Amino acid sequence: MRTDWTREEIAALFDLPFNDLLFDAQTIHRANHPRNEVQLSTLLSIKTGGCVEDCGYCSQSAAHETGLKATKLMDVRAVLQAAAQAKDNGSGRFCMGAAWRSPKERDMPAIIEMVKGVRQMGMETCMTLGMLSEKQAAQLAEAGLDYYNHNIDTSPENYANVISTRTFEDRIDTLETVRAAGINVCSGGIVGMGETRADRIGFLHALATMAHPESVPINALVPVKGTPLGDMLADTPMAKIDEIEFVRTVAVARILMPGSMVRLSAGRESMSEACQALCFMAGANSIFTGDRLLTTPNAGDNADAALFAKLGVTAMQAAPQAHLEAVAAE
């Protein structure tokens with residue numbers, strides 16, 4: 001598990017012949033994870049819209065005219081009902097996202113109830129609530145939260161082109177706070193925002209030179225009308241990242257962070273089956289399933305089941321963390 005990767009080394013991986021890159025990535029994947037198994041996760045927006053941040057890709061920012069109606073924090077019982085349904089549909093991890101810069105203290109008791117309730121169902125829990133204080137991270141850890149998601153989004157150099165209301169360093173500080181509290185880290189980013197390959201290299205370099213996140217979501221931008229990036233990229237050749245380049249990004253992530261779960265996240269509904277199959281070959285072993293992510297469409301349970309049947313892929317049953325601990329002990 002290296003954390004001393006250089007950008008030059010990462011650039012060299014991107015430049016490998018495609019078949020060689022996929023062979024290397026799949027070899028590393030099989031040495032660290034069960035073959036032909038993909039973790040199914042479900043993502044629920046527990047508080048939608050009205051966020052004070054100005055993330056250029058996000059439909060939930062109050063600064064953008066996307067037509068999205070802001071909502072209050074969901075009732076705990078409704079969240080647990082959604083989690084139970086997700087479990088019935090085969091999900092092993094339930095992820096809950098709130099459109100906040102950071103949670104308010106008055107919301108923490110309900111959030112803690114959600115974590116405890118989902119864990120009692122035997123599912124892994126993940127939350128994304130924005131920036132956290134040390135006290136809030138400790139509260140979540142005590143409640144048993146398994147993973148905290150806080151994406152770095154893009155390279156340090158490109159970050160200010162995407163978001164102005166907080167810095168790249170703010171993101172890193174939150175990840176360090178989460179890690180110090182003993183919660184597993186889920187952190188990745190978005191490709192297809194008009195960035196260069198150098199930015200994709202810088203994005204992966206930032207992730208691979210910290211303590212590796214246990215989960216690394218790789219999102220493809222879904223251009224939403226009314227967001228700065230959505231309006232800028234819609235109906236242009238830049239609106240959709242080249243599928244081969246996307247697969248390369250997944251493969252390099254797998255090589256750099258061999259023990260991490262690499263998740264295909266937003267944008268999967270517009271990917272071809274062949275692209276998704278190549279991503280699994282490249283070492284992706286987690287997806288969000290269901291018909292919807294936070295505010296954008298998703299492929300859906302039926303489409304995922306059909307694709308898995310074609311590929312001979314099965315839903316991961318064992319907790320990934322337990323598998324990683326077993327690998328480390330060998």
Side-chain angles (χ1 to χ4, degrees), residues 5 10 13-14 18 21-22 24-26 28-29 32-33 38-41 43 55 57-58 93 95 97 126 128 147 149-155 158-159 162 171 175 184-210 212-223 229 239-289 293-294 296 298-299 304 307 316 320:
W5 292 96
I10 298 172
L13 291 174
F14 267 97
F18 188 67
L21 176 61
L22 261 61
D24 291 347
Q26 178 63 197
I28 288 172
H29 177 76
N32 292 276
H33 300 274
V38 173
Q39 179 198 54
L40 301 182
S41 300
L43 176 61
C55 305
Y57 51 80
C58 187
R93 183 184 297 182
C95 306
C126 181
T128 177
Y147 290 82
N149 168 260
H150 199 63
N151 290 337
I152 63 170
D153 289 336
T154 188
S155 68
N158 191 45
Y159 190 86
V162 179
R171 299 271 184 172
L175 293 176
N184 292 312
V185 168
C186 174
S187 187
I190 306 170
V191 297
M193 296 192 292
E195 79 282 349
T196 64
R197 177 180 278 189
D199 288 317
R200 290 188 282 278
I201 290 167
F203 153 63
L204 292 178
H205 177 261
L207 292 172
T209 53
M210 63 173 73
H212 294 173
E214 282 77 13
S215 286
V216 179
I218 307 293
N219 299 272
L221 178 71
V222 179
L229 285 172
K240 189 173 186 294
I241 188 170
D242 176 79
E243 289 190 338
I244 297 298
E245 183 71 7
F246 186 85
V247 176
R248 282 187 181 274
T249 305
V250 171
V252 173
R254 168 53 68 221
I255 292 170
L256 299 179
M257 295 169 281
S260 302
M261 301 294 291
V262 176
R263 180 184 299 125
L264 299 184
S265 297
R268 194 166 61 85
E269 81 291 342
S270 63
M271 295 178 192
S272 67
E273 288 189 339
C275 178
Q276 294 181 65
L278 287 171
C279 286
F280 296 140
M281 174 65 75
N285 60 342
S286 180
I287 61 170
F288 279 129
T289 193
L293 299 183
L294 289 175
T296 56
N298 193 38
D304 292 335
L307 178 60
M316 188 176 288

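Starting from 1, each residue takes its place in the sequence as its number. Since the structure is predicted, the reported quantities are computational estimates derived from the model, not experimental observations.
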Check your understanding: Hey, mind stepping through V191 and L221 against side-chain contact (heavy atoms from CB on, under 4.5 Å) and telling me if it holds?
Key -> CA-CA 6 Å; V191 297; L221 178 71; over 6 Å; no
Practice problem: Test side-chain contact (heavy atoms from CB on, under 4.5 Å) on M281 and H29 and set out the steps. | Solution: CA-CA 9 Å; M281 174 65 75; H29 177 76; over 6 Å; no
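When all heavy atoms are compared, the tightest approach of E195 to N158 is CB-ND2, 3.9 Å. The minimum heavy-atom distance between F203 and T154, with the atom names listed, is CB-C, 3.8 Å. The heavy-atom pair separating I28 from P258 by the smallest distance is CG2-CB, 3.5 Å. A220 and I190 make their closest contact through C-CG2, 4.3 Å (heavy atoms, listed as atom of the first residue, atom of the second, distance). Minimum heavy-atom separation, L256 to A208: CB-CB, 3.8 Å. The nearest pair of heavy atoms linking E214 to Y147 is CB-CE2, 3.5 Å.
Between C95 and N149, every side-chain heavy-atom pair lies at or beyond the 4.5 Å cut-off. Put simply, the side chain of R171 reaches to within 4.5 Å of the side chain of Y159, judged on heavy atoms. A 4.5 Å side-chain heavy-atom check between C275 and V247 finds at least one atom pair inside the cut-off. N151 is listed as a side-chain neighbour of N219, based on a closest heavy-atom distance under 4.5 Å. Between D304 and V38, the closest side-chain pair of non-hydrogen atoms is not below 4.5 Å. Counting heavy atoms from C-beta on, the side chains of F280 and V250 never come closer than 4.5 Å. Between N285 and Q39, every side-chain heavy-atom pair lies at or beyond the 4.5 Å cut-off. Using a 4.5 Å heavy-atom cutoff, the side chains of T249 and F14 are in contact.
Under the side chain to side chain contact (heavy atoms under 4.5 Å, CB included) criterion, S187 pairs with I152, L175, V185, L207, P213, sequence neighbours left out.
Here salt bridge (charged side-chain N to carboxylate O under 4.0 Å, His left out) pairs that include residues 245-264, with residues two or more places apart or in two chains, are R197-E245, R200-E245.
Using a 3.5 Å distance cut-off with no hydrogens or angles, the side chains of E243 and S272 do pair a donor with an acceptor.
Of the possible donor and acceptor atoms, one in the side chain of D199 sits under 3.5 Å from a partner among the backbone N and O of T196.
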